[in-house]
There are 2 protein chains.
Amino acid sequence: MKKKLSIHDIARELGVSATTISFVLKGGERGKKVSEPVKQRILSYIESIGYKPNPIAQNLRTGKSKIIGMLVEDISDPFFSAIGRIVEDSLYKSGYKIFHASTDNDTEKARNLLHLFRERQVDGYIVAPTPGIQKEILELLHEAKPVIVFDRYFPEIATTNVVIDNAGGAYTATMHLIENGFTKIAFVTLDSDQIQMSERLAGFNKAIAEANLESRCLKVRYKTSVQNLSAEIKEFISGYAGVDGILFGTNYLAVSGLKAIQDLQMIIPNDIGIVGFDDNSHFELFTPSITAVAQPVEQISKKIVQLLIKALSENDTVLTAKTYALPTELIVRESSVRNATFAVKTNMSKSETKL
Amino acid sequence: MKKKLSIHDIARELGVSATTISFVLKGGERGKKVSEPVKQRILSYIESIGYKPNPIAQNLRTGKSKIIGMLVEDISDPFFSAIGRIVEDSLYKSGYKIFHASTDNDTEKARNLLHLFRERQVDGYIVAPTPGIQKEILELLHEAKPVIVFDRYFPEIATTNVVIDNAGGAYTATMHLIENGFTKIAFVTLDSDQIQMSERLAGFNKAIAEANLESRCLKVRYKTSVQNLSAEIKEFISGYAGVDGILFGTNYLAVSGLKAIQDLQMIIPNDIGIVGFDDNSHFELFTPSITAVAQPVEQISKKIVQLLIKALSENDTVLTAKTYALPTELIVRESSVRNATFAVKTNMSKSETKL
DNA sequence: TTGAAAGCGCTAACAG
DNA sequence: CTGTTAGCGCTTTCAA
């Protein structure tokens, strides 16, 4: 078993100092000043034995870990795992590794996780914040660590946020339902103050108000089991003066709602029109296929990475606090269109990304 | 901004040596030998200022990182992300963090990732191996690092494997199709030599042979786009002498297949019976609902964690090479049962886990 | 029962 | 242009 060599072993072997090797390895200003012959000798030797500096030692010495901490609500949720995947790939390419963790939207858990990340000296954070985590995020900022907040954010604290146009998405979706003749439209959402949900509600209400309709809304508790969710939605639909259209606030609410509607033996879209928020690769295959507000997962991920890499490379340059709201896309399918001869899947034209 | 204190700062403050503090912190044999008063003073002071030893320094000194490297095919696949989630939660509870990475089943990528993990001195590995990665896995074993191989494995190398009973699952599923009157049954799978796929094929063929039927099989290339996949399956179904039943080898093959069947305007299960391998939370909502071989995600995850934690805690105890094959469960739904009055969703009785 | 000293492998002043 | 030195914060002989 070949013993790992250290930079000093190599220094001895080559008759130069560890310092010189370190300079060569780093390149940059100081690296230039090493004479060509020496540099070549070092480089080729290192190449030949496949030496790689020990990142732990570098970390201890420099305080840089080349690790990013990523905090999401639930990595097994398709939305977060899709983003996780893209972010991970991009960041690995830039030499960073990722610590992932899921908060379940639990403040205490998120706090612990953030502390763990900090102890481990992660170089930057990507976080989908839980409620009440403002203080911890501010602390990270004070330590001059780059933090990208995504999916939701706190308007009261100055962070760099990558989100989507929630209000716009909900507005467009609701309008679409209205234009297709639905009038008793409800918004089924989470009983949550988080901004992504309140914006969706606001967008919904705006459309409803413009059309002079009555606003109906069901707020369910977070972490309600699928069965209970379904039951609650069922009761709501049958109880609440004949709802004939629903915009669901999240993808799993839509799934539970679909189950409820199935149990109720109602026909989509004849009896009730459906739109989900957050598209899903299976919605297309449902019968009828399900209309949804799609989030630009790819764009969100790229934006997060781009901002983070920038902050990481520009030494100590603090990120400007700014909210990037990426446009959503309404994918119209059968569940929201009463017109029997549904032919082509229409995608709304994408508005351009404001970056 | 409060400066992080080191163990020496505390030593000075308390008038003891860093050594003593270290002993107290570690507990164990050596910790016992510190006198009570001193120990209490140290403990309460540390508690009061919230001191935590720097894990990077510990890592450098001891070679233990308290990090586990987890390599999956694609973290955005529901199967892998579900497992990732559970493993992550359990391991965090034991003080470990996780590096995740996705291989896309690409050998070269997997190699790089494994090297990265190694450089970072991860304490253990959880790997869904790509083809051709045997040598690298053996190297890790030689370094006496615990490695848990899952989802698939290499029969020719002695590793600890956590998999499912692929042959049994496929056999049961095929038998189920046969019992429900389907006779021209095909297996749609990946053109792959990996063991999980070849075992599924074997299970399928066994059932087909026992029933004296003709074996039909479509092997598609890995990483075929959804469109092409769908087209290929479409061609296969219509071209291949009237297939009337399909067992799909993976969840995404099933989804593409469903799309194909939809395009073909065939009626499930009347024209064609369908069973998927690897259940999905949405299969229940499809019309008709889709029968599937469910993998015991929870059990797989628990087993992985249990084995890993054991290996990690028992100093230097090498894991015994052994394959744990967990039982699958056939979730019978509408897509495979011609009998019109489908009433209750039947779950096959679970065979007991062999642990 | 406690402490001094020697590093783990690397980097960064500061000399030369 | 290159090398010496002094740590980063911790653990672990070894000696007291």
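Per chain, numbering begins at 1; letters A, B, ... match sequence-line order. Since this is a predicted model, take the numbers as computed values, not measurements.
In this structure, B:Lys97 forms no cation-pi arrangement with A:Phe99, as its terminal cationic atom is not both closer than 6.0 Å to the ring centre and no more than 45° off the ring axis.
For A:Phe23, the listed nucleotide lying nearest its side chain is D:dG3; candidates were D:dC10, D:dG3, C:dT11. The nucleotide whose nearest atom lies closest to any side-chain atom of A:Thr20 is, among D:dT12, D:dT2, C:dC10, D:dT2. Of the candidate nucleotides D:dG3, C:dT11, D:dC10, C:dT11 has the atom lying nearest to any side-chain atom of A:Arg61. Closest to the side chain of B:Leu60, from the set C:dG3, D:dG9, C:dT11, is D:dG9. The listed nucleotides are D:dT11, C:dC10, C:dT1; the one nearest the side chain of B:Ser35 is C:dT1.
Regarding contacts with the backbone of D:dT11, a side-chain N or O of B:Ser22 is found under 4.0 angstrom from either OP1 or OP2. For the pair B:Tyr51 and D:dG9, the criterion of a side-chain N or O lying under 4.0 Å from OP1 or OP2 is not met. Remark: B:Ser17 is in phosphate contact with C:dG3, judged by side-chain N or O atoms under 4.0 Å from OP1 or OP2. Checking the phosphate oxygens (OP1, OP2) of D:dT11, a side-chain nitrogen or oxygen of B:Lys26 falls inside 4.0 Å.
Taking for each of B:Arg30 and A:Lys52 the nucleotide of DNA chain C with the nearest heavy atom, the 5'-most of the two is the partner of B:Arg30. Residue order along DNA chain D, read from the 5' end via each residue's closest nucleotide, puts A:Ala18 first among A:Ala18 and B:Gln58.
For A:Lys64 and C:dG9, the NZ to P distance is 24 Å, given to the nearest whole Å. The nearest whole Å value for the distance from the CD1 atom in A:Ile7 to the C1' atom in D:dT2 is 14 Å. The interatomic distance linking B:Asp9 (CG) with D:dG7 (C1') rounds to 14 Å, in whole Å.
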**Item:** Verdict with supporting geometry, A:Ile86 and A:Glu298, side chain to side chain contact (heavy atoms under 4.5 Å, CB included)
**Value:** CA-CA 7 Å; A:Ile86 302 175; A:Glu298 183 100 12; 3.8 Å; yes

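When the shell of 6.0 Å around CD of A:Glu47 is examined, it contains 12 or fewer heavy atoms from other residues, nucleotides or ligands.
Counting non-hydrogen atoms under 4.0 angstrom, A:Gly15 reaches the backbone sugars and phosphates but no base. Among the heavy atoms of the strands lying under 4.0 Å from B:Thr19 is at least one base atom, whether or not backbone atoms are also near.
In this structure, A:Val38 and A:Thr20 approach most closely via the heavy-atom pair CG1-CG2, 4.2 Å. Contact between A:Gln121 and A:Ser65 at its shortest, heavy atoms only, is O-OG, 2.6 Å.
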